[in-house]
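One structure below.
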Amino acid sequence: MNVEKVVTRNWGKPGQNTLAGYKQHGGYESLKKALELAPEAVLAEVKKSNLRGRGGAGFPTGLKWSFVPKDNPKPRYLAINADESEPGTAKDRFILENDPHSLLEGIAIACWALGAHTCYIYARGEFKYPSAVLDKAIAEATAAGIFGKKLLGRDFELNVYQVRGAGAYICGEETAMLESLEGKKGWPRLKPPFPAVSGLFGCPTVVNNVETIATLPAIFEKGAEWFAKLGTDKSGGTRLVTLSGVCNRPGTYEVSMQTTLKDLIFDEQFGQGMPHGRTVKAVIPGGSSAPVLTADEMGVALEFEAFKPLNSMAGSGGIIVMDDTCCMVRCLWRVTRFYAEESCGQCTPCREGMPWMTRLLRKIEEGRGEPKDLEALMQVATSIAPWPPIGLGNTICALGDAGALPVQSFVTKFKSEFEQHIAEHRCPYGDKPWGAFGEFQ
Amino acid sequence: MSDAVAFTPEELKKLDAGLSELLGHYPVDRKRAAMLPALRLLQEIKGWCTPEGMKHVADKLQTTVERAYEVATFYVMFHTQKPGKYVIDVCTNLSCALRGAEGMLKHLEVKLGTQAGTNGDKFFLRETECLASCGTAPCFQINEDHHENLTKEKVDKLLETLV
Ligand SMILES: Cc1cc2nc3c(=O)[nH]c(=O)nc-3n(C[C@H](O)[C@H](O)[C@H](O)COP(=O)(O)O)c2cc1C
Ligand code: FES
């Protein structure tokens, strides 16, 4: 299996994280090309490339850009989502660390297409090192006259600022991020209006993920058709995924849209299989909010459409593998606890439901569970966001879904484990619930 | 960083210089937008978000001190009380748990003689969000410095440096 590299194509080349090194490897040539085109033509290229958002929802990027109203006299903004905090996901961070100018060049291309003169990059507060690399890159690009009063000499002002968050998963949700950028706590806004119509400071704002935008330079270097062809009908290009949990070689990999989950876990260039004697029991395919899959479902391609029949999602590309010696109750408890901690507290079903589900799971895991607890668990989850299909949530933002989908999918697919905990009044895995690599050594 | 809650003249000068630069990143009628970077700056200077500091920031951003508190209490990286000298944030989420994070947290509790979630003079050990180190688990941050692919040996070495 040969994956043509796109986003990672220059990683590790000498000096790639500096302006000089980036330029040496063809950097900012794509911006020149894009600036030769009218903004509408740039948008048309992005549409043609079939680029889809890498932040979680896989929304077609060109289509999102086209929602920005043409006749609104207010300023327009581009806001880059570098909040990366969905459990299982570690990819944007490596773009910032290895190739920050690819994001900046992508930003310049996007702002040109959108007519946006200000871009804020919202990076999660814990990114001390990635943010330092990015700050340096912004300063270099500004000093070199790429950003500032004139975009690469054009009569087009563009200012790019990094804003650092301060520890709140919810601020990855686009409208919470906008609130945070406005200097407030991260309470998501009711949609519509969507940010493209009314976003930052009430102005039209496009929110895109780091990887989405860092992909643009390659698209303009090699052509939208080339990019579209790499992928499938509806998902252009390649994508970054993070493989974690139980497998021999966890890490961040660029995969093709045809690569299957099974390839990712077992192929020599990726996960290199399971430790000796262990088999896959469960895989979370798109960040911990994505409904869990069983080993039988590993044939699915890592592409946005392919997950729909399985009622799961490609999400943020965080793939978490659990082996046959992992306790599903304990794993789910960890996942649910995260969403309970990170609920912003605005909507009652989420604020009250997440901690409730966490307590029920703890109770079952510790052998104190009763049959009615399992019913209650499903009832609470369903009232936050029934599943399947995905997308029926009853809360302002999809954090409700994010916490409710794991519960419903784990309990549905691994019901006998939950029942065994309750029947035997103990965790069948005893004090080793974490599988082959669960011991701290 | 001076230990006193009140600003020294140098600290105040540094804060004001930083604030006026930050305000340049936003539209003139949107000064409040600078709240997160402003509180971060305050915390860099004072070690935590002091009441006096938050009042000062709120004034400069032409908003009320309640707005500063609202933000400082919502985001876990802001400290509205003086934290221990070393804030250690341990990820115990699923990917890390599958690579030994629960055992690592216990190890830290024993070694540091503290319990996760309790603030002390020297150590403030906490469980935290996923830190985007899932493929390089387990991980933690010490005063925001990131450490990953942790083993007992690595952890013990790091702890020795915390004097
Ligand atoms: C609870 C929640 C958390 C999210 N966290 C992130 C995140 O950390 N990074 C991200 O890019 N998108 C995140 N998203 C998705 C964003 O809302 C948004 O869809 C995305 O940034 C759009 O970019 P894209 O179109 O390029 O994918 C999150 C969504 C939800 C509901
Ligand atoms: S789960 Fe620990 S860093 Fe992601």
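Every chain is numbered from 1 and lettered A, B, ... according to where its sequence line falls, protein lines coming before strand lines. Since the structure is predicted, the reported quantities are computational estimates derived from the model, not experimental observations.
L332(A) does not touch chain B: none of its heavy atoms, backbone or side chain, sits under 4.5 Å away. At a 4.5 Å heavy-atom cutoff, the contact between A97(B) and chain A is made by backbone and side-chain atoms alike. For R93(A), the part sitting under 4.5 Å from any heavy atom of chain B is the side chain, from C-beta outward, and nothing else. With a threshold of 4.5 angstrom between heavy atoms, L243(A) approaches chain B through N, CA, C or O but not through any side-chain atom. For C326(A), the part lying under 4.5 angstrom from a heavy atom of chain B is the side chain only. The part of T136(B) that comes within reach of chain A is its side chain, from C-beta onward, which places non-hydrogen atoms under 4.5 angstrom from that chain. Using a 4.5 Å cut-off between heavy atoms, E179(A) does not touch chain B at all. In this structure, chain A has a heavy atom under 4.5 Å from the side chain of Q141(B), while its backbone stays farther away. For Y122(A), the part sitting under 4.5 Å from any heavy atom of chain B is the side chain, from C-beta outward, and nothing else. Both the backbone and the side chain of S180(A) come within contact range of chain B, each with at least one heavy atom under 4.5 Å from a heavy atom of that chain. Contacts of H25(B) with chain A are made by both backbone and side-chain atoms, with heavy-atom separations under 4.5 Å. Contact annotation for Y253(A): neither backbone nor side-chain heavy atoms come within less than 4.5 Å of a heavy atom of chain B. Neither the backbone nor the side chain of L200(A) comes within contact range of chain B; no heavy atoms are under 4.5 Å apart.
Counting non-hydrogen atoms of other residues, nucleotides and ligands closer than 6.0 Å to CD of E52(B) gives a total above 12. Shown here is D29(B), whose CG atom has more than 12 heavy atoms of other residues, nucleotides or ligands within 6.0 Å. The local environment of NZ in K122(B) is crowded, with over 12 non-hydrogen atoms from other residues, nucleotides or ligands closer than 6.0 Å.
The two residues S244(A) and C134(B) come nearest to each other via the heavy atoms CB-O, 3.2 Å. Closest non-hydrogen pair, A166(A) versus Y75(B), comes out as O-CB, 3.2 Å.
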Task: Test side chain to side chain contact (heavy atoms under 4.5 Å, CB included) applied to L181(A) and L36(B), step by step - done: CA-CA 8 Å; L181(A) 279 172; L36(B) 270 81; over 6 Å; no
TODO: Kindly indicate, with the supporting measurements, whether the criterion side chain to side chain contact (heavy atoms under 4.5 Å, CB included) is fulfilled by L22(B) and Y161(A).
DONE: CA-CA 10 Å; L22(B) 283 173; Y161(A) 305 107; over 6 Å; no
Task: Stepwise side chain to side chain contact (heavy atoms under 4.5 Å, CB included) check, R330(A) with E102(B) - done: CA-CA 12 Å; R330(A) 185 74 155 240; E102(B) 282 192 357; 2.7 Å; yes
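Atom SG of C96(B) and atom CZ of F440(A) lie 11.0 Å apart (nearest 0.5 Å). Expressed to the nearest 0.5 Å, how far SG of C130(B) lies from CZ of R334(A) amounts to 12.5 Å. Atom SG of C171(A) sits about 5.5 Å away from atom CZ of F74(B), to the nearest 0.5 Å. Taken to the nearest 0.5 Å, the CZ atom of F338(A) stands 10.5 Å off from the OG1 atom of T92(B). With rounding to the nearest 0.5 Å, the separation of CE in M35(B) from NZ in K184(A) is 11.5 Å. Note: D323(A) CG to L98(B) CG = 8.0 Å, rounded to the nearest 0.5 Å.
Put simply, the side chain of L131(B) reaches to within 4.5 Å of the side chain of R124(A), judged on heavy atoms. Looking at P37(B) and V163(A), their side chains come closer than 4.5 Å, going by heavy atoms from C-beta outward. E126(A) places a side-chain heavy atom less than 4.5 Å from the side chain of E129(B). The shortest distance between side-chain heavy atoms of L94(B) and C331(A) falls below 4.5 Å.
Scanning residues 61-73 of chain B against chain A with a 4.5 Å heavy-atom cutoff picks out E70(B), V71(B), ordered by number. Proximity to chain A at a heavy-atom threshold of 4.5 Å picks out H146(B), E148(B), L150(B), T151(B), K152(B), V155(B) from residues 146-155 of chain B, in numerical order.
The candidate from G88(A), G435(A), C344(A), S85(A) with the greatest count of non-hydrogen atom pairs under 4.5 Å with chain B is G88(A). The most heavy-atom pairs under 4.5 Å with chain B, out of R337(A), K91(A), E341(A), E84(A), come from R337(A). Note on M322(A), R164(A), Q441(A): by heavy-atom pairs under 4.5 Å with chain B, the leading option is R164(A). The most heavy-atom pairs under 4.5 Å with chain B, out of A168(A), G251(A), P75(A), P130(A), come from A168(A). When Y169(A), Y129(A), Y120(A) are compared by the number of non-hydrogen pairs under 4.5 Å with chain B, Y120(A) comes out ahead.
Taking 4.0 Å as the cut-off between side-chain N and carboxylate O, E439(A) and R99(B) do not count as a salt-bridged pair.
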